[in-house]
Amino acid sequence: MRRTRDTAGREDTSAARGPTLAERPAVEPPTAGQATVEQAKGVLAERFGCDVETAYDRLLELAAGAGVEPETAAALLLGAAPNAAAQARLPAAPASGRAPDRGDVPLPRATSAGDPAGPEDDADPAARLALVERLGGLGWGRWDLATGGARWSAGLYELFGRDPAAGPVPLDRLAEHVVPADRRHAEHFTRALLGRREPADAEFRVRAGGAVRHLRAMAEPVLDARGEPAALRAVFQDASRGRCDELLAATRLQLVRQRRRVAEERRTAVELQRALLPLPRGPRDLPGLRAAVRYLPACGATRVGGDWYEATPLSGGEVFLAIGDVAGHGPPAAAGMARVRNALSGLACTGAPPDRLLAALNRMLLNRTPLDEPARGRDRPLTASAVAARYEPGSRVLTWARAGHPPPLLVRDGAAALLEAPEGVLLGAHEAPDLEAVITRLHRGDLLLFYTDGLVERRDRDLADGFRMLLAAAAERPGAGPDAVIDHVLRSLGAANPDDDTCVLAVRVA
């Protein structure tokens, strides 16, 4: 037999054996201190965005740094009253000040000029909690429902932009500080606390001084012996910083997605253009001509355009030469380029002169059928510029016409000049464009350069300067092959254009 004593001090005699399974409770109910610790772990996990185990480690660090038990640190963190044993370990209140109310939220310890430690003294748990308030954007409050009194921590005054001398905001006037659009959230928050008598979590905007601040409130009712709410205690957190982080993260994610979309669209356009516009490797020999071509996609974003060229022999020994640019960028321009190039190549087989070829192409662009349009539709008609030419090797005669496109360049005897011709209007812009064929007689060794406007037109220079640079560069390689001339011209004018494609076709007369 052995003697034990219950909490009332009465002696109890029982057998040496332990209680039977029927006498032993299945699960021991948690103590108040354990419940407080669990609640504090949840608050810290929410604040730091971590799991409860990591939150518990932070709570232990806080308790060790303050020199108190974890239960005491948890109670102070939640604004609850620590137990008597733990309270005895806290520094005594100043003789001149009022002893703190056990239901009050601890306020930062006042400091004087002679206190070197200041409010962040690690030996003072109130100061440590004030530090947590400041760094975490937190504030604690407690409202007594019976007396109407309230206690706020310094952090809560800061969150509400309220002068501590004005005292806490009464619970029944708290909604006046909430932005009208969010008051229904605050009302639901209060109903959950008082009506359902259960913890609640809400986020709403309040007017803090002259600014609007996003606050997150986590609160619970304190019930009396009858189960009625006797008080409310709450932790408020500044959610504005989190919202800024979320907005920044969302913006970054949107930019990443946009870059991916742009890169995918550009890759698709380039692959489509390469499939529709095959580029030969090295110079090609055509009847009476040696030709070379270069195509440089725009180096900026989705600026892949609708530049194209054609250099192919025709029946009867002639050569068809053409170059053009479809308005727009991206896959639609690449698809339009394919339509224009294929149509003009097909029309060239009829033997019609270049001006009539461009006129027929203009009619085709104006008279589109619904099947020509993409599924989403497009109100603006397709427009394009072009130069089309026929070359007769025997007589070395070039017959050509242009529609809204820069004229070809002729290099002869070390001098470069632009061929003269009527301006012409863009294809697809006018029902009856004024197009005219021009005849140019070439000499052995002449070099003709066809190009798109991406070669000479740049945002950082005048168009006239671009043409002057082109003429000078082309004249600097009078005896070079067509491929070497193109390479030199591209280097001289700045290679790839960031805003537009560049296509260059050079032919040397044999």
Side-chain angles (χ1 to χ4, degrees), residues 269 273 276-277 295-298 302-311 320-348 352-369 372-374 377-390 399-409 418-438 448-459 462-464 466-467 470 497 499-505:
Q273 199 158 31
L276 299 175
L277 188 68
Y295 175 81
L296 298 179
T302 58
R303 307 297 292 179
V304 177
D307 292 15
W308 56 273
Y309 83 98
E310 185 64 86
F320 179 65
L321 303 171
I323 196 165
D325 184 2
V326 174
H329 299 281
M337 174 272 295
R339 293 176 54 213
V340 170
R341 179 174 183 263
N342 293 338
L344 192 58
S345 298
L347 291 171
D355 55 331
R356 291 177 56 187
L357 294 180
L358 294 180
L361 182 60
N362 182 73
R363 289 192 297 271
M364 184 201 77
L365 294 180
L366 290 175
N367 300 324
R368 295 167 301 165
T369 66
D372 293 326
E373 298 300 327
R378 186 172 59 185
D379 296 329
R380 188 174 58 186
L382 185 67
T383 59
S385 67
V387 170
R390 284 180 175 274
T399 305
W400 61 282
R402 66 169 178 155
H405 200 88
L409 180 149
L418 298 176
L419 297 183
E420 294 184 2
E423 181 65 28
V425 298
L426 288 174
L427 301 174
H430 193 276
E431 291 186 359
D434 186 11
L435 300 172
E436 181 180 343
V438 179
L448 278 173
L449 201 67
F450 301 83
Y451 51 93
T452 57
D453 57 2
L455 179 66
V456 293
E457 189 174 11
R458 303 290 174 101
R459 285 185 298 176
D462 187 74
L463 182 60
F467 278 111
L470 172 61
N497 189 324
D499 302 308
D500 201 0
D501 288 8
T502 301
C503 186
V504 183
L505 170 66

Item to check | Test side-chain contact (heavy atoms from CB on, under 4.5 Å) applied to L448 and L419, L409, L505, the passing residue | outcome: L419
Item to check | Straight-line distance of L366 CG to L361 CG, nearest 0.5 Å | outcome: 9.5 Å
Next on the checklist: Distance check, rounded to the nearest 0.5 Å: L296 atom CG versus D500 atom CG?
Outcome noted: 11.5 Å
Checklist entry - Which heavy-atom pair separates V387 from P406 by the least distance, and what is that distance? => result CG2-O, 3.6 Å
Item to check | Smallest separation among heavy atoms of L470 and L449, with atom names | outcome: CD1-CD2, 3.8 Å
Item to check | Heavy-atom check, side chain of L463 versus side chain of E457, under 4.5 Å | outcome: yes
Checklist entry - Is there a side-chain contact between L347 and M364, using heavy atoms and a 4.5 Å cut-off? => result no
Next on the checklist: Just so I know, are the side chains of P407 and F450 near enough to count as touching, which here means a heavy-atom distance under 4.5 Å?
Outcome noted: no
Next on the checklist: Could you check whether any side-chain heavy atom of T383 comes within less than 4.5 Å of a side-chain heavy atom of L365, counting everything from C-beta outward?
Outcome noted: no
Item to check | Reported CG-to-CZ distance for the pair D355 and R402, which is rounded to 0.5 angstrom | outcome: 14.0 Å
Next on the checklist: Do T452 and D325 pair up side chain to side chain, a donor and an acceptor below 3.5 Å, judged on atom types alone?
Outcome noted: no
Checklist entry - Looking only at heavy atoms, what is the nearest atom pair of R339 and L382, with distance? => result NH1-CD2, 3.5 Å
Item to check | N362 versus H430, closest heavy-atom pair with distance | outcome: ND2-O, 2.8 Å
Checklist entry - Are the side chain of H405 and the backbone N or O of Y451 linked by a donor-acceptor pair below 3.5 Å? => result yes
Checklist outcome for this item: Nearest heavy-atom contact between R390 and A352 is NE-O, 2.9 Å
Next on the checklist: Return the CH2 to CG distance between W400 and L358, rounded to the nearest 0.5 Å.
Outcome noted: 11.0 Å
Next on the checklist: For A401 versus P354, what's the shortest heavy-atom pair and its separation?
Outcome noted: N-CB, 3.9 Å
Next on the checklist: Is any side-chain heavy atom of L344 closer than 4.5 Å to one of W308?
Outcome noted: yes
Next on the checklist: Please report the interatomic distance OG(S385) to CD1(I323), rounded to the nearest 0.5 Å.
Outcome noted: 9.0 Å
